[in-house]
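Scroll down for the structure; my scribbles are underneath it.
Keep in mind that what you see is a predicted model, and the values were worked out from it rather than measured.
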Amino acid sequence: MVEAAKANGVDVYYYLKYLLMKCPTSLTCDEELEKLCPLNPECKEALDELQRQHQKAIFDAM
């Protein structure tokens with residue numbers, strides 16, 4: 001998963017954080033797992049939003 005994220009230009013920290021938030025299980029269907037793939041545009045968009053929120057929280061804390 002980490003190598004797939006790196007290969008697709010995704011920040012590994014935010015990708016792993018996103019995966020842990022979504023918490024896929026053995027019962028997760030294939031369609032849901034595909035949505036968590038780092039090359040999926042929906043996943044990349046969610047990761048960008050997660051990163052923006054994190055940066056905003058840091059800025060607001062200053």
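- Taking 4.5 Å as the limit, some side-chain heavy atom of Leu16 sits within range of a side-chain heavy atom of Val12.
- For the atom pair CG (Leu33) and CG (Asn40), the distance works out to 11.5 Å, reported to the nearest 0.5 Å.
- No side-chain heavy atom of Lys22 sits under 4.5 Å from any side-chain heavy atom of Thr28.
- Relative orientation of the His54 and Tyr13 rings is tilted, given thresholds of 30° and 60° on the angle between their planes.
- The CG atom of Leu27 lies 12.5 Å from the CD atom of Glu32; values are rounded to the nearest 0.5 Å.
- Side-chain N or O atoms of Asn8 include none that pairs as donor or acceptor with a backbone N or O of Val10 at under 3.5 Å.
- Closest approach of Cys37 to Cys43, counting heavy atoms only: O-CB, 3.4 Å.
- Judged by distance alone, with hydrogens and angles left aside, the side-chain atoms of Tyr15 form no donor-acceptor pair with the main-chain N or O of Lys44 at under 3.5 Å.
- Between the CG atom of Leu19 and the CE atom of Met1 there is a distance of 5.0 Å, given to the nearest 0.5 Å.
- Under the side chain to side chain donor-acceptor pair (under 3.5 Å) criterion, Glu49 pairs with Arg52, Gln53, not counting sequence neighbours.
- Cluster annotation: Tyr14 and Met21 are assigned to the same hydrophobic cluster (Ile/Leu/Val/Met/Phe/Trp/Tyr, side-chain heavy-atom contacts under 4.5 Å, transitive).
- Pairs passing the ring pair (Phe, Tyr, Trp, His ring centres under 6.0 Å) check and including a residue from residues 26-51, sequence neighbours excluded, do not occur.
- The ring-ring contact (aromatic ring centres under 6.0 Å, His included) test applied to Tyr18 returns no partner, not counting sequence neighbours.
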